[in-house]
Amino acid sequence: METDIAKIRNIGIVAHIDAGKTTTTERILFYTGKIHKHGDVHDGNTTTDFMVQERERGITIQSAAITCEWKGCSINIIDTPGHVDFTMEVERSLRVLDGAVCVFCAVGGVQPQSETVWRQADRYSVPRIAFVNKMDRMGADFGRVVEELRSKLGANACPVELPLGKEEAFKGVVDLIRMKAIVYDEASDGKKFVESEVPTELRDDALLARAELVEKVADLDEEVMEPFLENGDLTADELVPAIRRATIAGKMVPVLCGTSLRDKGVQPLIDAICDWLPSPAERPPVEATDLKSGEKTVRRQDASELLTALVFKIATDPYVGRLFFVRVYGGVLKKGANAFNPRTKKRERIMKIVRLFADDRIETDELCAGDIGAVVGLKDCTTGDTLCAEMKPCHLERITAPQSVMFMAIEPKSSADKDKLVESMKALAAEDPTCRFREDPETGQTILSGMGELHLEILVDRLKREFKCAANTGKPMVSYQETVTAAARKDFAFDRELAGKRHAVTLTVEVRPLERGKGRSVLLSRDFKNAVPDKHLQECVEQGLSDGIATGVLARYPMTDIEAECTGVSGFDPEASDEVAFRSAAVMGFREAAEAASPEFLEPIMKLEIVTPPESVGEVLGDLNGRRGSVLDMEQRGDMQTIRARVPLSKLFGYSTAIRSLTKGRASYSMEPDKFEVAPPAVRSEILES
């Protein structure tokens with residue numbers, strides 16, 4: 001049955017690891033009646049953490065989609081991971097969502113991964129509401145978290161609730177819009193609650209907070225400015241739609257509070273999702289590129305538009321095979337119909353469509369504009385592909401995956417399993433764009449790359465359990481990169497006889513460094529194109545330059561932040577200057593130019609946040625110094641000290657054991673990739689000698 005697009009909410013639950021995303025999702029499903037008994041992360045029985053590895057470790061690894069109903073709205077929820085190794089799951093989820101609930105720990109506040117997911121949401125202009133969770137914890141401070149939202153994230157954070165009680169005495173919330181106190185009954189798992197007048201001891205604070213809220217909303221929304229100036233206040237009926245308009249416009253972030261684990265404050269959060277986060281129809285039209293003209297076009301999020309859908313994730317289901325998660329932006333995706341894939345320029349038959357309920361599926365005949373679901377049976381589709389109408393094909397912007405920072409050698413237990421291992425890794429790489437594998441041409445080893453130790457561990461575990469493909473693995477190693485620090489130019493003459501035929505041409509290749517983080521660029525100068533108008537030969541040169549960049553010149557690591565350009569050609573012989581000559585001359589010319597351009601290694605640097613007892617600060621700082629770490633700042637939070645530092649990834653292997661030993665198990669830490677930097681001479685020598 002088609003749902004009114006105005007009643008659809010596509011939202012993500014995003015946060016730092018252990019802020020309570022999965023628990024909050026579980027309570028939303030419980031209160032909306034989707035499940036009749038809520039699970040808990042520590043019991044390993046939550047609905048959205050259905051993978052064996054998730055339940056064993058108590059963390060979210062894959063984003064899970066699930067649908068529930070609340071007050072006439074159909075809410076499609078994606079529960080995302082918080083661990084930095086699985087940040088790609090957050091990236092591709094935010095790419096297709098219309099709104100987000102950002103969960104913050106009332107004790108930890110704005111933590112490193114909170115900042116990362118906030119920047120990701122900024123990139124896609126996703127409207128947000130904030131939920132300050134764990135208000136029952138010792139050291140919980142609602143006011144401090146709101147200030148951190150403003151100072152660290154630059155958010156116009158506006159509390160719409162105040163906590164009722166503190167830490168263990170937390171029992172509910174004060175609704176600033178209706179000026180009511182809500183106290184939850186723990187015996188009913190929070191299903192029952194009592195509304196009353198705001199307690200006398202909190203009334204002054206609540207009136208002040210409401211006045212600030214009303215004033216901010218009036219400043220942001222012209223429609224309520226006049227009644228505010230006339231009356232000096234706004235009614236609840238005026239405030240709610242005004243907050244909605246300001247939130248959807250990205251001008252404000254409403255802040256709520258509660259404790260999901262103790263069943264307090266979740267129902268107002270669901271109300272806020274329906275009241276203040278946008279429907280697909282309220283989001284800007286999606287921008288696409290017309291396949292024929294190459295020009296930008298827009299598609300309204302409406303069922304009457306031509307079909308436009310994005311494949312944002314692929315998963316393997318043991319019963320139905322490959323599931324292709326899709327977000328439909330325009331038109332209707334129908335079972336039995338054809339959809340056009342502009343990347344492959346082929347039709348895809350839509351064999352089966354399902355709506356998602358974590359690891360359960362419900363078949364449906366169609367997905368309309370605004371819907372999120374999954375398709376079964378696509379033949380040649382990858383993450384980021386567009387499905388569209390063949391009469392007017394277009395492609396949406398693809399989802400880009402971050403660079404891998406760690407790798408390990410992997411081999412089958414027996415030679416008979418080699419093909420099975422390769423096919424299994426292909427399936428994993430199709431599901432997870434940050435999982436990459438390649439064969440080292442020098443050693444013949446298969447190299448598996450990922451985003452960190454945990455990511456690699458999970459990949460190997462999945463190979464064993466899901467794909468029944470046991471493998472031997474080497475020790476995880478840092479995925480260094482190479483770059484150049486100067487410009488250089490070389491003429492390379494390739495002239496060889498291969499299989500009785502001469503191949504010869506001379507190319508001029510220039511390499512230049514790019515700004516850190518700019519990636520790689522391959523160019524052909526106008527002079528070269530004029531001298532060699534043959535498009536096929538031009539493609540051979542581009543391929544040769546790309547191959548040279550991919551294999552590096554120091555230790556076979558891929559190169560980055562480099563621009564390679566073929567600027568000239570000489571010795572052109574129509575008989576001998578063929579594709580073999582051009583490609584070989586490009587590869588070898590690039591190598592000579594890169595070797596002359598002061599090549600260096602780049603090592604990944606991580607941002608580290610450590611929360612430790614004050615008496616252990618000296619030991620932690622001394623250990624960081626020994627790991628080539630640099631301390632950025634320190635901050636006292638309650639009775640714990642927070643240390644922020646930058647440390648090379650190569651020095652963080654086994655850090656969890658070390659930090660527990662230094663602090664008698666009382667400290668915790670989290671990290672996220674920062675950037676790549678030129679490795680010092682000692683590290684360079686160590687890499688070259690290994």
(message) Determine whether a donor-acceptor pair (N or O, by modelled atom type, separation under 3.5 Å) exists between the side chain of S525 and the backbone of T567.
(response) yes
(request) Any chance you could measure L456, atom CG, to T473, atom OG1, to the nearest 0.5 Å? (result) 9.0 Å
When the side chains of residues 374-383 are checked against the rest of the protein, which donor-acceptor pairs come out under 3.5 Å, sequence neighbours left out?
residue: T382; atom: OG1; partner: D385; partner atom: OD1; Å: 3.3
residue: T382; atom: OG1; partner: R398; partner atom: NH2; Å: 3.2
residue: T383; atom: OG1; partner: A430; partner atom: O; Å: 3.4

(request) Please say whether more than 12 non-hydrogen atoms of neighbouring residues, nucleotides or ligands are located less than 6.0 Å from CE in M477. (result) no
(request) Please step through side chain to side chain donor-acceptor pair (under 3.5 Å) for the pair R556 and T551, ending with a clear verdict. (result) CA-CA 5 Å; R556 314 293 293 174; T551 52; 4.6 Å; no
(request) Would you sort out whether L507 and D491 count as a side-chain contact (heavy atoms from CB on, under 4.5 Å), showing the intermediate values? (result) CA-CA 6 Å; L507 296 182; D491 296 320; over 6 Å; no
Which donor-acceptor pairs under 3.5 Å do the side chains of residues 514-523 make with protein atoms, sequence neighbours left out?
residue: R516; atom: NH1; partner: D561; partner atom: OD2; Å: 3.1
residue: R520; atom: NE; partner: M559; partner atom: O; Å: 3.3
residue: R520; atom: NH2; partner: M559; partner atom: O; Å: 2.8

(message) If you compare all heavy atoms of A369 against all heavy atoms of D302, which two are closest, and at what distance to 0.1 Å?
(response) CB-C, 3.4 Å
(message) What I'd like to find out is whether the side chain of M408 reaches to under 4.5 Å of the side chain of I447, using heavy atoms alone.
(response) no
(message) Before you tell me yes or no, could you show the steps for I605 and V647 under side-chain contact (heavy atoms from CB on, under 4.5 Å), namely the whole-Å CA-CA distance, both residues' side-chain angles and the distance that decides it to 0.1 Å?
(response) CA-CA 6 Å; I605 307 295; V647 187; over 6 Å; no
(request) Measure the shortest side-chain to side-chain distance between R327 and D98 over non-hydrogen atoms and say whether it is less than 4.5 angstrom. (result) yes
(request) For the pair V332 and K334, evaluate side-chain contact (heavy atoms from CB on, under 4.5 Å) and give the outcome as yes or no after the intermediate values. (result) CA-CA 6 Å; V332 182; K334 293 185 177 180; 3.7 Å; yes
(request) Test T485 against every option in S598, P599, P513 by the side chain to side chain contact (heavy atoms under 4.5 Å, CB included) rule and name the one that passes. (result) S598
(request) Using the test side chain to side chain contact (heavy atoms under 4.5 Å, CB included), find all partners of S424 that sit at least two apart in sequence or belong to another chain. (result) K420, L463, F467, C469
(message) When you measure from the side chain of T483 to the backbone of T560, do you find a donor-acceptor pair of N or O atoms at a distance under 3.5 Å?
(response) yes
(message) Working to the nearest 0.5 angstrom, can you tell me the gap between S449 OG and L459 CG?
(response) 10.0 Å
(message) Return the CZ to CZ distance between F601 and F676, rounded to the nearest 0.5 Å.
(response) 13.0 Å
(message) What verdict does the side-chain contact (heavy atoms from CB on, under 4.5 Å) test give for R299 and L306, after you've listed the backbone C-alpha separation in whole Å, the side-chain angles of each residue and the deciding distance to 0.1 Å?
(response) CA-CA 8 Å; R299 297 282 173 94; L306 291 171; 4.0 Å; yes
(message) With a sphere of 6.0 Å drawn around NZ of K464, does it hold more than 12 non-hydrogen atoms of other residues, nucleotides or ligands?
(response) no
(message) To the nearest 0.5 Å, what is the distance between SG on C394 and CZ on F340?
(response) 10.5 Å
(request) Flag yes if more than 12 heavy atoms outside R343 fall under 6.0 Å of its CZ atom; otherwise flag no. (result) yes
(request) Looking only at non-hydrogen atoms, find the nearest pair between K490 and A596 and report the distance. (result) CE-CB, 3.9 Å
(message) Are more than 12 heavy atoms, taken from residues, nucleotides or ligands other than R123, located less than 6.0 Å from that residue's CZ atom?
(response) yes
(request) With sequence neighbours left out, write down each residue that passes salt bridge (charged side-chain N to carboxylate O under 4.0 Å, His left out) with D573, or none if nothing qualifies. (result) R502
(request) Compare every heavy atom of A339 with every heavy atom of L387, then report the nearest pair and how far apart it is. (result) CB-CB, 4.1 Å
(message) Could you check whether any side-chain N or O of K468 sits under 3.5 Å from a backbone N or O of R465, counting only pairs where one atom can act as donor and the other as acceptor?
(response) yes
(message) Applying salt bridge (Lys or Arg N to Asp or Glu O under 4.0 Å) as the test, list every pair that has at least one member in residues 523-537; sequence neighbours left out.
(response) none
(message) What I'd like to find out is whether the side chain of V569 reaches to under 4.5 Å of the side chain of V505, using heavy atoms alone.
(response) yes
(message) Do F582 and V532 have side chains that approach each other closer than 4.5 Å (heavy atoms only, starting at C-beta)?
(response) yes
(request) Determine the minimum heavy-atom distance between I410 and A471, stating which atoms define it. (result) CG1-CB, 3.7 Å
(request) Could you pull out the closest heavy-atom pair between V509 and A586, with the gap in Å? (result) CG2-O, 4.5 Å
(message) Check D578 with K501, please: is the shortest side-chain N to carboxylate O separation under 4.0 Å?
(response) yes
(message) I'd like to know if D290 and K292 make a salt bridge, using a cut-off of under 4.0 Å between side-chain N and carboxylate O.
(response) no
(request) Would you indicate whether the side-chain heavy atoms of R591 and M588 approach each other to under 4.5 Å? (result) no
(request) Please list all pairs passing the ring pair (Phe, Tyr, Trp, His ring centres under 6.0 Å) test where one or both residues lie in residues 535-563, with sequence neighbours left out. (result) Y480-Y557
(message) Using side chain to side chain donor-acceptor pair (under 3.5 Å), reason through H455 and D432 one step at a time and then give a plain yes or no.
(response) CA-CA 11 Å; H455 188 205; D432 181 358; 2.7 Å; yes
(message) Just verifying a value: how many Å separate L524 CG and E542 CD, rounded to the nearest 0.5 Å?
(response) 4.5 Å
(message) Listing request: all salt bridge (Lys or Arg N to Asp or Glu O under 4.0 Å) pairs with a residue in residues 676-686, at least two apart in sequence or in separate chains.
(response) E600-R684, R646-E677
(request) Mind checking salt bridge (charged side-chain N to carboxylate O under 4.0 Å, His left out) for D122 and listing every partner two or more places apart, or none if nothing turns up? (result) R128
(message) Just to verify, what does E565 make a salt bridge (charged side-chain N to carboxylate O under 4.0 Å, His left out) with, not counting sequence neighbours?
(response) R512
(request) Using a 4.5 Å cut-off on heavy atoms from C-beta on, say whether the side chain of E603 contacts that of S650. (result) yes
(message) Are R496 and H503 packed together at the side-chain level, in the sense that at least one heavy-atom pair is separated by less than 4.5 angstrom?
(response) no
(message) If the condition is side chain to side chain contact (heavy atoms under 4.5 Å, CB included), which residues does S584 pass it with, not counting sequence neighbours?
(response) F494, V580
(request) To the nearest 0.5 Å, tell me how far L310 CG sits from C388 SG. (result) 11.5 Å
(message) Test your reading of the model: is there a side-chain donor-acceptor pair from T289 to the backbone of K296, 3.5 Å cut-off?
(response) no
(request) Could you tell me which residues satisfy salt bridge (charged side-chain N to carboxylate O under 4.0 Å, His left out) with E397, sequence neighbours excluded, listed by chain and number? (result) none
(message) Among residues at least two apart in sequence or on other chains, which ones pass ring-ring contact (aromatic ring centres under 6.0 Å, His included) with Y655?
(response) Y669
(request) Answer yes or no: is there an ion pair linking R462 with E466, defined by an N-O contact shorter than 4.0 Å? (result) yes
(request) For residues L97 and I372, determine if any side-chain heavy atom of one lies less than 4.5 Å from a side-chain heavy atom of the other. (result) yes
(request) Grab the two heavy atoms, one from A555 and one from I687, that are nearest each other, plus how far apart they are. (result) CB-CG2, 4.4 Å
